[in-house]
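All chains are named by letter (A, B, ...) in the order of the sequence lines, taking the proteins before the strands, and each is independently numbered beginning at 1. The structure displayed is predicted, hence computed values, not measured ones. What's counted below: heavy atoms across the whole structure, side chains too, no hydrogens, waters or symmetry copies.
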Amino acid sequence: MDFLSGLNPQQREAVETTEGPVLILAGAGSGKTRVITHRIAHLITARHVPPSSILSVTFTNKAAGEMRNRIGNILAGVGMNGQPLLATFHSFCVRLLRRDGDALAPIRPGFSKTFSIYDDDDQLAIIKAAYKRMGLDEKAMPYRNTLSAISSAKSNKETPQDLYNRATDPRVTKIAAVFEEYETALRQANALDFDDLLLETVRLLYHDAETREAWNRRLSYIMIDEYQDTNRSQYELMRLLTQRHSNVCVVGDEDQSIYSWRGADIRNILDFEKDFPQAKVIRLEQNYRSTKNILEAASVVVANNKERKGKWLWTDADEGDVLTIYPAYDSENEALFIADTTEKVLRQHPEYKVAILYRTNSQSRQIEEALRRYNRAYVVVGGTSYYQRAEVKDIVAYLKLAVQQSDSIALARIINVPARGIGKTTVEQADKFANEGGISLWDAINHMLETNAFGTRAHAAVRVFRDLIVELAEAVERLPLNEALAFIEERTGYRRMLEQENTPESQARLENLNELMNAAAEAVERGESVADFLDHAALVAQTDSIDANAQVTLMTIHNAKGLEFPMVFLAGMEEGLFPHSRSINSEAAMEEERRLCYVGMTRAEKRLIMTWAKYRRRFGGGEQERTMASRFLKEVPSNLVINMGVDEDDVPSVDLSSERQFVRDESRKNLYTGKTYNSLENISAFFKERGINTTLRPSSPPPAQRSAPPAMRPPQAPVAPRQTAFTRPPVAPPAPPQVSDDLPPWETGPSKSPTPITAGRPATPVGTRPPGPAPVRPIGPPPVVNRPPMPPAPVQKPPVRPAGQQMIRQPEQTGLFGDANSLFPPVQSKTTLPKAPPSPKSPPRTGTVVEHPKYGTGTIVRREGEGDDAKVVVIFQRYGMKKLVEKYAGLKKS
DNA sequence: CGAAGTGGGCTTTTT
DNA sequence: GCCCACTTCG
């Protein structure tokens with residue numbers, strides 16, 4: 001079989017150069033994955049390399065899984081003797097240590113192959129405990145800082161003693177002390193953290209010649225993807241594995257190095273030619289992904305960096321659309337714009353996948369709310385992943401403890417969950433005892449029970465707990481994993497606790513636990529052990545959960561690395577947010593931000609829209625603060641972009657105060673899984689990834705869940721009347737009945753806006769907030785947000801994200817992409833504003849029964865404000881409570 | 001002991 | 001807005 005056809009000459013060379021060290025400098029979208037998969041296929045078929053002699057290391061499990069699929073596809077007809085090893089560095093290390101870890105025991109006292117893996121939650125728990133014992137103050141020395149100091153010391157192979165010796169200020173001395181406690185705790189629990197997985201593997205291979213030789217013999221071809229983001233220990237691992245041969249092929253792009261904060265060392269890629277002087281360097285510079293405009297814009301931006309080898313990608317593709325920059329008034333407007341534009345684009349291109357990318361996870365919330373407002377299915381990658389959820393971690397902690405009682409972190413986590421009368425004091429006593437004796441919490445508890453060291457009440461409670469764990473341990477020995485989990489959930493009372501709580505949240509948690517058992521059942525079917533299951537739970541990364549079927553995906557730009565989408569939004573392009581304020585003082589950090597921007601931009605195949613908000617709240621409660629456009633926006637050549645803002649102060653806006661409230665309420669009601677909604681897909685996807693079948697659940701629920709009962713919808717075509725308000729004809733019509741939040745954007749100038757009132761406007765301020773200046777419309781259509789009607793109070797939904805296609809048809813219109821011929825319809829008249837109807841002479845009082853043209857009969861329950869601004873809160877018989885601007889509402893006494 | 005409530009303080013990015 | 005530590009009250 002020929003795996004060379006269809007490749008360009010450079011790609012072909014990369015595939016054919018199988019012997020000796022190879023450095024592939026692969027620009028964004030240059031067919032890197034294709035090269036790797038074809039290279040593996042070529043090795044197997046043309047060079048007759050046994051598949052099991054090939055190791056290919058990727059950055060995420062997701063990437064590994066995808067690679068597995070692709071290789072499976074292209075080698076479908078080929079009889080293979082074994083499988084190539086496709087792994088992340090971390091999963092490879094776990095595998096190696098679980099297999100050959102015995103040799104490590106002499107070097108790392110207390111180590112055994114049954115080690116557990118501690119994730120950052122577990123790490124944090126250790127740090128907190130250490131702080132408490134040592135009387136340290138979190139405010140003076142944040143946990144996170146300490147943790148990252150420890151992590152970077154570890155990656156430099158420093159011991160606590162080393163850190164202590166080089167300490168120049170008392171803070172570092174304290175960190176060294178915490179570090180020591182931390183290391184003790186890990187060893188005590190026979191646990192490894194993520195750094196250890198790599199470090200201990202390196203130590204094992206370094207010290208134990210036999211293991212090293214064995215792996216060197218076994219793996220004769222090694223490929224490493226995303227090489228620019230490897231760290232020191234990964235580099236050393238690579239060296240140790242390539243001692244017998246130097247058939248190592250690394251693939252990377254220095255412009256896409258975005259993990260230096262995690263210890264990634266860009267020198268690894270820059271110095272590869274020094275490490276291997278005979279290395280062959282191959283450059284892949286033809287981009288197959290993006291339009292010319294996108295590629296050029298991204299290239300110009302990243303060219304502002306000084307620390308780079310410098311390369312210029314080219315493409316045969318068409319120019320495509322120009323990029324769009326949308327300056328929103330505030331972050332809510334930004335979110336609504338994104339949601340609205342997504343709808344329009346998907347209506348025109350139902351086959352598109354849309355990615356909404358941002359710098360920080362916290363930006364997702366408002367965008368999610370806006371998308372939900374449109375009933376648009378979406379997947380959030382990141383935030384709290386499935387295995388990070390408290391309930392899952394709790395049950396997993398029971399499982400870990402049942403398997404290995406020395407896991408003190410697991411024990412501390414669940415000793416009183418559900419509450420069983422073991423209070424803080426009791427736990428502290430045991431913890432103290434354990435620490436002084438250098439033993440595990442479990443041993444401490446047992447010892448204290450024997451010696452009657454607890455009070456009577458505590459003694460009884462702890463005893464019950466101890467017996468419980470013993471019972472669970474037996475059950476885990478005896479039962480298949482899924483049944484063991486069910487047993488744990490019953491026997492510990494955890495399930496009962498959630499059932500009794502009986503809130504939407506607890507229901508969702510129960511669902512998550514069910515899903516955990518499903519995953520366990522599937523693992524059992526595949527013949528996996530408990531240890532395998534726990535390893536997965538620890539190593540599954542958030543990126544691994546990306547659902548390829550989801551049409552709209554939200555994630556950080558970091559998470560988007562390696563992915564591509566026809567349509568990409570980059571949100572929050574503001575100074576201080578992106579580039580992030582923490583990077584603004586360092587040139588190197590700024591360059592990394594710029595590379596991140598490059599990564600984000602080059603994810604886009606066809607359309608790229610970058611948005612920013614002129615005002616943004618930094619914290620939930622605070623005031624909105626003025627922002628500045630990101631410098632990266634200014635680096636984009638102006639001929640490649642349409643900027644929808646004319647000048648800084650002239651910003652379109654959809655400012656909808658009660659909309660906002662509504663959206664918030666809705667999202668609160670639907671808040672069954674916290675921040676993310678990928679939990680269920682996530683877990684099955686991950687566990688299936690190992691098997692052959694990676695079909696994911698459909699991301700849309702059955703139609704029944706999507707649509708509201710018709711009876712509860714507003715009587716007429718839902719959007720049309722509101723739409724009139726947005727596409728107001730030049731001559732002011734009689735003011736339509738309006739809900740206060742329905743004011744078109746250009747009438748709802750927020751009071752803080754510095755814009756002076758434009759000449760020619762009605763003297764009376766229009767809008768809900770005086771002195772509402774009406775920002776003049778810039779070019780382009782109004783950032784119309786077609787809102788579906790208020791749905792009824794949501795029915796309790798299962799914790800599958802309420803999803804599905806847009807259920808409400810929106811009127812045809814020439815929107816941002818509505819017209820295939822012109823990106824933007826003609827500029828609209830900006831001078832016309834509706835005249836306000838005269839205010840009623842005697843305002844209706846609270847309690848008055850009124851008639852609304854659309855909502856029917858209701859009762860006024862509150863009045864707010866005076867004059868043109870007056871708002872009334874009315875409870876309608878059929879539509880519930882609404883806040884209306886009196887002068888627009890068209891209320892009649894009945 | 002433990003649920004529930006208060007108040008202060010911050011939000012990069014994640015294998 | 002959300003998390004976390006701390007307080008209060010049953």
Side-chain angles (χ1 to χ4, degrees), chain A residues 57-64 87-94 117-121 123-124 128 131-132 137-139 142-145 147-148 151 155 192-198 226 229-231 233-234 257-264 331 357-366 369 381-385 388 390 416-427 455 457-458 461 497 501 538-544 555-561 572 576-584 589 592-593 595-597 599-600 616-622 664 667-668 671 674-675:
Chain A
V57 182
T58 53
F59 200 66
T60 62
N61 290 303
K62 157 84 176 168
T88 63
F89 272 111
H90 289 87
S91 63
F92 173 75
C93 288
V94 171
I117 302 169
Y118 276 5
D119 66 11
D120 33 331
D121 260 14
Q123 294 180 298
L124 199 61
K128 280 184 184 171
Y131 269 49
K132 199 165 224 171
D137 182 12
E138 201 243 328
K139 278 162 204 152
Y143 299 135
R144 291 184 159 273
N145 294 3
L147 212 45
S148 70
S151 174
S155 357
L192 301 183
D193 64 19
F194 283 129
D195 292 323
D196 287 333
L197 293 177
L198 304 171
E226 306 284 9
D229 281 327
T230 51
N231 65 21
S233 22
Q234 290 164 336
S257 164
I258 53 176
Y259 282 99
S260 71
W261 51 273
R262 206 173 73 193
S331 53
L357 310 181
Y358 35 78
R359 178 70 234 269
T360 66
N361 277 308
S362 60
Q363 287 168 257
S364 76
R365 189 183 48 85
Q366 285 183 309
E369 286 171 0
V381 178
T384 319
S385 77
Q388 300 289 109
N416 203 30
V417 183
R420 51 174 71 88
I422 304 177
K424 209 171 61 178
T425 340
T426 310
V427 176
R457 231 158 129 195
M497 172 182 79
E501 205 181 308
L539 288 180
V540 68
Q542 293 159 351
T543 329
D544 300 344
M555 67 188 125
T556 61
I557 305 170
H558 280 91
N559 266 327
K561 188 163 93 152
L577 187 56
F578 191 28
H580 197 271
S581 51
R582 303 275 272 245
S583 304
I584 263 161
E592 180 146 317
E593 295 283 313
R595 289 194 293 271
L596 191 58
C597 183
V599 168
R616 189 182 294 272
R617 256 179 256 283
R618 286 183 60 221
F619 309 116
R664 253 179 227 144
S667 55
R668 226 172 261 139
L671 244 202
K675 268 191 203 163

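Centre separation under 5.5 Å together with a plane angle under 30° holds for the ring of A:Trp261 and the six-membered base ring of B:dT13, marking them as stacked.
Residue A:Lys128 has its side chain nearest to C:dA5 when only B:dT13, C:dA5, B:dT15 are considered. The listed nucleotides are B:dG2, C:dC2, C:dA5; the one nearest the side chain of A:Arg365 is C:dC2. In this structure, of B:dC1, B:dT14, B:dT15, it is B:dT15 that holds the atom nearest to the side chain of A:Thr88. In this structure, the nucleotide among C:dA5, B:dG2, B:dT14 sitting nearest to the side chain of A:Ala419 is B:dG2. Here B:dT15 is the nucleotide among B:dC1, B:dT15, B:dG2 with the atom lying nearest to any side-chain atom of A:Asn559. Listed candidates were B:dT14, B:dG2, C:dC2. Nearest to the side chain of A:Arg262 is B:dT14.
Rounding to whole angstrom units, NZ of residue A:Lys132 and P of C:dC6 are separated by 7 Å. One interatomic measurement links the two molecules: CD of A:Glu138 to P of C:dC3, which rounds to 15 Å at whole-angstrom precision. Distance, A:Asp121 CG to C:dC3 C1': 13 Å, rounded to whole Å. One interatomic measurement links the two molecules: CG of A:Asn361 to P of B:dT14, which rounds to 5 Å at whole-angstrom precision. Protein atom CG of A:Asp137 is 11 Å distant from nucleotide atom P of B:dC10, rounded to whole Å. Between the P atom of B:dT13 and the CZ atom of A:Arg595 lies a distance of 18 Å, rounded to the nearest Å. Computed from coordinates, the A:Tyr143 OH to C:dA5 C1' distance equals 8 Å when rounded to whole Å. Rounded to whole angstrom, the span from the NZ atom of A:Lys139 across to the P atom of B:dG7 amounts to 15 Å.
Within 4.0 Å of A:Asn416, counting heavy atoms only, lie sugar-phosphate atoms of the nucleic acid but no base atom. Across all strands shown, A:Thr230 has no heavy atoms under 4.0 Å from either base or sugar-phosphate atoms. Nucleic acid contact class of A:Ile422 (heavy atoms, under 4.0 Å, all strands): sugar-phosphate only. Residue contacts for A:Ser581: at a heavy-atom cut-off of 4.0 Å it reaches no nucleic acid atom on any strand shown.
Distances shown here put every side-chain N or O of A:Ser233 at or beyond 4.0 Å from the OP1 or OP2 atom of B:dT15. Proximity of A:Ser362 to the phosphate of C:dG1: no side-chain N or O atom is located under 4.0 Å from OP1 or OP2. Phosphate contact (OP1/OP2 of B:dT14, side-chain N/O of A:Thr556, threshold under 4.0 Å): present.
Taking the six-membered ring for Trp and thresholds of 30 and 60 degrees, A:His90 and A:Phe194 have ring planes more than 60 degrees apart, a perpendicular arrangement.
Side-chain contact between A:Thr58 and A:Thr88 is present, with heavy atoms from C-beta onward closer than 4.5 Å. Using a 4.5 Å heavy-atom cutoff, the side chains of A:Tyr259 and A:Glu226 are not in contact. Residues A:Gln363 and A:Leu577 have side chains in contact (heavy-atom distance under 4.5 Å, counting atoms from C-beta outward). Looking only at side-chain heavy atoms (C-beta outward), A:Thr360 and A:His580 come within less than 4.5 Å of each other.
Along DNA chain B, the nucleotide nearest A:His580 and the nucleotide nearest A:Phe89 are compared for position; the residue whose nucleotide lies closer to the 5' end is A:His580. Between A:Glu593 and A:Asn231, the residue anchored nearer the 5' end of DNA chain B, judged by the nucleotide with its closest heavy atom, is A:Glu593.
Rounded to whole Å, the separation between the P atoms of C:dC4 and B:dT13 comes to 14 Å.
Within the 3.5 Å criterion, the main-chain N or O of A:Ser583 finds no donor-acceptor partner in the side chain of A:Glu593.
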